[in-house]
Amino acid sequence: MKKYFLLFSVLIISLSACNKKDVATQAAIDDSKIQAYFKANNITGTTKDASGVYYKVLIPGTGAYPTSTSNVKVSWTGKYLNGQGFDAVTSTTMLVSGIVQTGLQIGIEHINAGGRILLFLPSALGYGVAGDGSGVPANAVLIYTVDLQGFY
C-alpha cells in the first residue's frame with residue numbers, strides 16, 4: 001500500500017511540475033507575440049504590470065482609480081492580434097471583480113474616470129487554455145480598448 005501511495009504522490013508532483021512549466025512556456029510565447037505586435041504596429045509607451053498585462057493610457061482620466069470592489073460603467077472592444085474583433089460592450093455597469101477575464105479586471109484598475117486604455121492580455125489572463133467555448137480559441141492573446149465612463 002505504501003508503494004502505491006508513494007507512486008501516486010510522485011505522479012501528482014510530476015504532473016504539477018509539468019503544468020507550471022507549461023504555464024511559464026505559454027506566458028513566454030504570449031509575451032513574444034505581444035512584443036512582435038508592438039514592433040509590427042509601431043506601438044510604444046506601453047507598461048507591463050506585475051501580472052503580465054501590458055497597457056497604454058490613450059486618454060488620461062481624472063480622479064481616483066477603481067478597485068476590484070468598484071462598480072464601473074465601461075465600454076470596450078476586444079480583438080485578436082490579427083485585428084479580428086470578437087467582443088464589444090457598450091456602456092454597461094458591472095463589478096470589476098465580476099468581469100470574466102482577469103486581465104481586463106487588472107487593466108481597468110490602471111485607468112481613472114473619463115479615461116481610455118489599451119490592454120494586451122496574455123492568454124492566461126484572458127480565456128486561458130480552454131478558450132471561451134463559443135469562439136475565442138485556446139491560448140489567445142487579447143487586445144481590449146476600454147473606456148471608463150465612471151465608477152462608484
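Owing to the predicted nature of the structure, the values given are computational and were not obtained by experimental measurement.
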Looking only at heavy atoms, what is the nearest atom pair of [X] and [Y], with distance?
X	Y	value
S91	S75	N-OG, 2.8 Å
A138	V129	CB-O, 2.9 Å
A113	G150	CB-CA, 4.2 Å
P122	G52	CG-O, 3.2 Å
Y80	V136	OH-CA, 3.4 Å

Any donor and acceptor pair, going by atom type alone, linking the side chain of [X] with main-chain N or O of [Y] inside 3.5 Å?
X	Y	result
N82	Q84	yes
N71	Y152	no
S123	A140	no

message: Taking the side chain as everything from C-beta on, heavy atoms only, tell me whether T67 gets closer than 4.5 Å to F151.
response: no

field: Residue pair L125 / Q101, side-chain heavy-atom distance below 4.5 Å
entry: no

Between atom [atom1] of [X] and atom [atom2] of [Y], what is the distance when rounded to the nearest 0.5 Å?
X	Y	atom1	atom2	value
F86	D132	CZ	CG	8.0 Å
L142	L119	CG	CG	10.5 Å
I108	S68	CD1	OG	11.5 Å
T46	L118	OG1	CG	9.0 Å

Considering only distance and modelled atom types, tabulate donor-acceptor pairs under 3.5 Å from the side chains of residues 55-62, sequence neighbours left out.
| residue | atom | partner | partner atom | Å |
| --- | --- | --- | --- | --- |
| K56 | NZ | T44 | O | 2.7 |

Strictly by salt bridge (charged side-chain N to carboxylate O under 4.0 Å, His left out), give each pair with a member in [range] just once, sequence neighbours left out.
range	answer
residues 63-73	none
residues 31-48	D31-K48
residues 108-127	R116-D147

Side-chain heavy atoms under 4.5 angstrom apart, residues restricted to Ile, Leu, Val, Met, Phe, Trp, Tyr: same cluster for [X] and [Y]?
X	Y	result
I143	I117	no
V53	V141	no
Y37	L121	no
V72	Y65	no
M94	V146	yes

- request: Answer with yes or no whether the side chains of D30 and Q26 bring together a donor and an acceptor at under 3.5 Å.
  value: yes

message: Taking side-chain contact (heavy atoms from CB on, under 4.5 Å) as the criterion, tell me which of I111, T93, L104, T92 meets it with V74.
response: T92

message: Could you work out, with ring-ring contact (aromatic ring centres under 6.0 Å, His included) as the rule, every residue matching F38, not counting sequence neighbours?
response: Y54, F120

- line: Sorted by chain and number, sequence neighbours left out, salt bridge (charged side-chain N to carboxylate O under 4.0 Å, His left out) with K79 holds for none

